[in-house]
Amino acid sequence: MTLPFKIKNKTPLLYFLLILLATPWQISLPLKLSFWVFSIYLYFVLKEKTKEKGSGSWWLILPPLVVLILTRTIPFLRWPIMPLGADSFIYKKIFTNCLQNPCSEKISIISNSLQFLGWHTPALLSLFYILINILVGLALFITIRSYFNKKAAYASLFLFSISITQFLAYWAFYWKLMLAIALTLSALYLLNKKSWLVIPLAGIIGIIHPAAFLFLIITILISLIIGKDRRYLSLSTLGILLLTLATNYQETTGLIFDYIQKSSQKDLLSNPELTGSFIDFKTYQKLALAYLSFAALGLIRVIKEKKIYPLAFFLSALILSLPVLYFHSRFIIFFDLALIILAAPLVAEIALKLWHDLMGKVILIAVFISLSSLVTYQAWLAEPLITTISEIESLEVLKSIEKEAVVLINDPRYLPVLKSMTKNPVILADINTYKPLKPLYIYVGERSSSNILDNIGLPLIKINSHIWKY
């Protein structure tokens, strides 16, 4: 990989430019100044790479794993009715149905496996989902160890465990995406090892989650452009594409045209279904503030050292996260992983520098406790849409309403839940302006405004505490 300038002479300028681009300008001035001062300090401490002996003790993997398991378990202990986002409610119903009857849903991969092992309880879906997220962390650990070293791998697992962005992705119950990310990281490990097993693994990723497959393909193509392993990467790309087209041609081509068509829509930024219904980039910058400086310096480091795959991972995530593209906010999850990969070696270096004296040890322990407490507090605060059994029971009415009836809600958060409960049309509309032509059921959830029916002007019959009929 050749660059049009000598990066060694431009490192300070490039680094501080990256810091300015990474700065979340919406935060307070004192916080911005603190971020800049810390970034300057970090540059002078880590501007030259230091070589430390040893690979780190095995027990270093335990603290981040404990934080990871704790934060992923808290929602299930605190909110047993519906622990995670609305998608968890939908998939639990599908999963239960798949356990009882054969189905074509992708979640049947899990249900069929559990049935084969003799497990028939839906509660195992929750356990399986927690396990998938832990596997993402472990796949990241193994991949970083192959890219850099074991110390960086420990640091990456720590950053993953304290990342609020990764917790929010987990909480949203993107189970297919989580599984695909674990496999994508494994595929990138295989690429680094020049293994042909990446071809069938990529085919599996394409079946599970097309967005993750798109990310993997673009990462490989960028590696092909900037790297030297062109023969292996060319043959791998060709093999992946041929396998995908041979096994899933119709769906793959349909998804490509769909992605291009939706990326060109004018209302992309204002439509949650087109953006990916996740946090935006400005919010992400604030959440990732703890390791943005490390990632900026790490980016310069991987360019200087010509580490192709970490750089390709970052560029692929950056491109797909651009707000002009369909599903861009969902790729922020990949972008966060890219920054973790870039930041990990630098975090490991500064941790080793501090560990040599007592005060440094105290600082490291304090930082770990503080950041772990922050993400644990976020896990405690994450309140689901439905928190009571009575609200779940009230939804059962919608299973047996008239075939021609329409269900109306005015809170978009409840849309996926209601669609999973009834076969009737569910519409999102303003209750005060909607003119019903058919039997109408109005659903008002616990989290919706309590006075939305006060001035409706329609004769309503109260079915239960959450449903009214016109």
Side-chain angles (χ1 to χ4, degrees), residues 79-101 103-108 122 125 171-176 262 265 267 270-278 327 330 382-470:
W79 308 106
I81 303 300
M82 183 179 170
L84 305 175
D87 281 9
S88 66
F89 182 81
I90 299 166
Y91 281 119
K92 187 176 180 180
K93 287 187 69 63
I94 297 171
F95 181 72
T96 304
N97 292 335
C98 287
L99 279 176
Q100 296 168 354
N101 304 295
C103 67
S104 59
E105 298 284 345
K106 289 182 180 179
I107 203 166
S108 64
L125 178 63
W171 186 86
F173 204 81
Y174 300 143
W175 81 266
K176 286 184 288 187
K262 287 181 177 176
Q265 290 194 21
D267 64 336
S270 60
N271 189 336
E273 291 187 6
L274 296 178
T275 62
S277 301
F278 194 59
F327 222 56
R330 201 69 65 89
E383 186 175 338
L385 196 60
I386 296 175
T387 59
T388 62
I389 191 68
S390 62
E391 190 166 1
I392 295 287
E393 289 172 348
S394 71
L395 289 165
E396 295 293 326
V397 172
L398 300 176
K399 291 181 177 179
S400 55
I401 60 177
E402 301 93 325
K403 288 184 179 179
E404 67 275 14
V406 174
V407 181
L408 185 145
I409 56 170
N410 77 329
D411 189 332
R413 296 176 297 175
Y414 286 94
L415 196 60
V417 174
L418 266 69
K419 282 186 174 181
S420 71
M421 290 298 295
T422 179
K423 294 180 180 178
N424 293 67
V426 181
I427 60 170
L428 179 66
D430 185 346
I431 295 171
N432 295 304
T433 59
Y434 183 76
K435 303 297 181 185
L437 300 174
K438 298 177 180 180
L440 180 69
Y441 288 81
I442 301 170
Y443 179 81
V444 181
E446 292 280 356
R447 304 284 289 276
S448 300
S449 175
S450 58
N451 60 353
I452 59 173
L453 299 177
D454 290 353
N455 302 310
I456 191 170
L458 293 174
L460 300 177
I461 301 170
K462 186 174 183 179
I463 305 296
N464 56 43
S465 58
H466 296 287
I467 297 175
W468 282 259
K469 181 183 179 182
Y470 167 72

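Heavy-atom minimum distance, Pro425 versus Ala405: CD-O, 3.5 Å. Pairing each heavy atom of Met421 with each of Glu396, the nearest pair is CE-OE2, 3.6 Å. Listed here is the closest heavy atom pair of Glu383 and Trp79: CG-CZ2, 3.7 Å.
Partners of Ala382 under the side chain to side chain contact (heavy atoms under 4.5 Å, CB included) rule, at least two apart in sequence or in another chain, are Phe167, Trp171.
Between Ile409 atom CD1 and Ile442 atom CD1 the span is 12.0 Å, to the nearest 0.5 Å. Atom CH2 in Trp468 sits 10.0 Å away from atom CD1 in Ile463 (nearest 0.5 Å). To the nearest 0.5 angstrom, Leu440 atom CG is 12.0 Å from Glu404 atom CD. Note: Lys403 NZ to Lys438 NZ = 13.5 Å, rounded to the nearest 0.5 Å.
Two residues are said to be in side-chain contact when any heavy atoms from C-beta on lie closer than 4.5 Å; Leu398 and Asn424 fail this criterion. Two residues are said to be in side-chain contact when any heavy atoms from C-beta on lie closer than 4.5 Å; Ile401 and Val407 meet this criterion.
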